Number of protein chains: 2
Amino acid sequence: MAKLQKSIDKRNALIKATIELVNNNGFHATPMSKIAKMANVSPATIYLYFENKQDLVNKTYIEVKAEYTKYAFATYKDSMSVEDGFKLIWQRIADFKLKECENAMFLAQCDNTPMIDEESRQEGIKHLQPLLDLWERGKQEGIIKPLSDYLLYAYAINPLSFLMIIQKRGVFQLDKTHLEEAYQAAWNSIKVSL
Amino acid sequence: MAKLQKSIDKRNALIKATIELVNNNGFHATPMSKIAKMANVSPATIYLYFENKQDLVNKTYIEVKAEYTKYAFATYKDSMSVEDGFKLIWQRIADFKLKECENAMFLAQCDNTPMIDEESRQEGIKHLQPLLDLWERGKQEGIIKPLSDYLLYAYAINPLSFLMIIQKRGVFQLDKTHLEEAYQAAWNSIKVSL
DNA sequence: AAAAAAAGAATGAACGTTCATTTTTACGTA
DNA sequence: TACGTAAAAATGAACGTTCATTCTTTTTTT
């Protein structure tokens, strides 16, 4: 067990270093040697845990995406009303993007560049299913507009990525008030108008 | 004139090649040699037009951003009502993102990665002033919610980037109906509720 | 014919990955 | 428990390639 434990620690250190360095420098400007150094490991050791650099970044993406969605849906129950469920998930996502900023920034970069293999991208999308199910329910109950899932995501969820990024760049500070406003904007854009 | 003309053609070819290659491969996976080849030019020639690779990509960003905002505000007049003005600008931006997809994808990549110098990023932001002025007017007239410009942008404009990207990836097709729905979602999220 | 522009080849540095070796771990035996 | 040993894990150095940039020469322009 001690053996296995140690390995997992190294693997985690490598993934953490990858996230931090790629956030600051981008994928191709992040050499394996620097990742190794930050993880306190020899460059050669990386290849005991990952096939190559592409595999390292693919796996990092999938792990972070899984973490993100796990957090987002952690306290959600099918028994909640659509409105309550959406608000909860939205707030959890906002929470994640602000608290786990490094992780969320990494995801944003992956989602907006050719950094990740298409296969890994698909894999990452699967984790969003609970949200799609909630929307389906909302549409059936006539609470959420009958829009495509992509449009709903674009207006209800994705704006948080933009806010996170400019917050990280220091021009904007998202406080409690802003968050409530942002939630209202999100909900107004997808709820059925009276 | 013929001399100067020829130079501008080469410069444009270099910028076009940069956009296309960076879109498909990312900044650091785009060698100067390939940019040169695509522009039908020797690698050494690039250095007659740009200081180095970073300068090439910075200048490309600023030029494309200027093109984007020029298109967005081309038919807008201060004399328009806030609602009409916003709708017009929104539609022009949507139009640009769908028609000039390559250019818009390039901007999205620049805005979500450490690819561009901070200085060039600032330079690019300046071009958005007419939109900020419109919002200011809308707030004063009590038509647009008194939210920060960043929040307004996140909900009214930025979702279009998300839609463009997934459209480019082929999972989603933005048609006339979708566009009208998207506009309504945008407007609902920022307009003052009755 | 001088100056400017462009070209291809050359250079040196940096990178991903592999290789040969050392260190650590796991475990059967005394 | 202590030891010896084979396997596993980890390492630093080395390899071959790629790339941004520069240098020297050629071509084009004026």
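Values below: all heavy atoms of this structure, side chains included; hydrogens, waters and symmetry mates excluded. Owing to the predicted nature of the structure, the values given are computational and were not obtained by experimental measurement. Below, chain A is the first sequence line, B the second, and so on; all start at residue 1.
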Visitor: Give a yes or no on whether the backbone of B:Glu119 and the side-chain of B:Asp117 come within a donor-acceptor separation of less than 3.5 Å.
Guide: no
Visitor: Counting only heavy atoms and a strict 4.0 angstrom limit, can you tell me which residues of residues 33-48 of chain A come near DNA chain D?
Guide: A:Val41, A:Ser42, A:Ala44, A:Thr45, A:Leu48
Visitor: For a side chain to side chain contact (heavy atoms under 4.5 Å, CB included) with A:Thr69, tell me which candidate from A:Arg92, A:His127, A:Gln129 qualifies.
Guide: A:His127
Visitor: Walk me through whether B:Glu123 and B:Lys59 qualify under salt bridge (Lys or Arg N to Asp or Glu O under 4.0 Å).
Guide: CA-CA 10 Å; B:Glu123 171 78 23; B:Lys59 296 240 167 80; over 6 Å; no
Visitor: Can you list, by residue number, the residues of residues 12-25 of chain B that have a non-hydrogen atom closer than 4.0 angstrom to DNA chain D?
Guide: none
Visitor: Give the rounded distance in Å between these two atoms: CE of B:Met32 and P of D:dT22.
Guide: 10 Å
Visitor: Quick one about B:Tyr61 and B:Asp111 (side-chain donor to acceptor, distance below 3.5 Å, no hydrogens or angles considered), yes or no?
Guide: yes
Visitor: When you check the phosphate oxygens OP1 and OP2 of C:dT17, does a side-chain N or O of A:Lys53 lie under 4.0 Å from one of them?
Guide: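 For C:dT17, neither OP1 nor OP2 has a side-chain N or O of A:Lys53 closer than 4.0 Å.
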Visitor: Would you say A:Lys34 has more than 12 foreign heavy atoms packed within less than 6.0 Å of its NZ?
Guide: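 Check fails, neighbour count at 12 or below.
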Visitor: Compute the centroid of each ring, for A:Phe172 and then for A:His178, and state whether the two points are separated by less than 6.0 Å.
Guide: yes
Visitor: Please report the C-alpha distance between B:Lys145 and B:Lys191 in whole Å, then the side-chain angles of each, then the deciding distance to 0.1 Å, and finally whether the side-chain contact (heavy atoms from CB on, under 4.5 Å) criterion is met.
Guide: CA-CA 6 Å; B:Lys145 284 189 200 159; B:Lys191 75 157 192 258; over 6 Å; no
Visitor: Would you list the pairs meeting salt bridge (charged side-chain N to carboxylate O under 4.0 Å, His left out) in which at least one residue belongs to residues 12-32 of chain A, sequence neighbours left out?
Guide: none
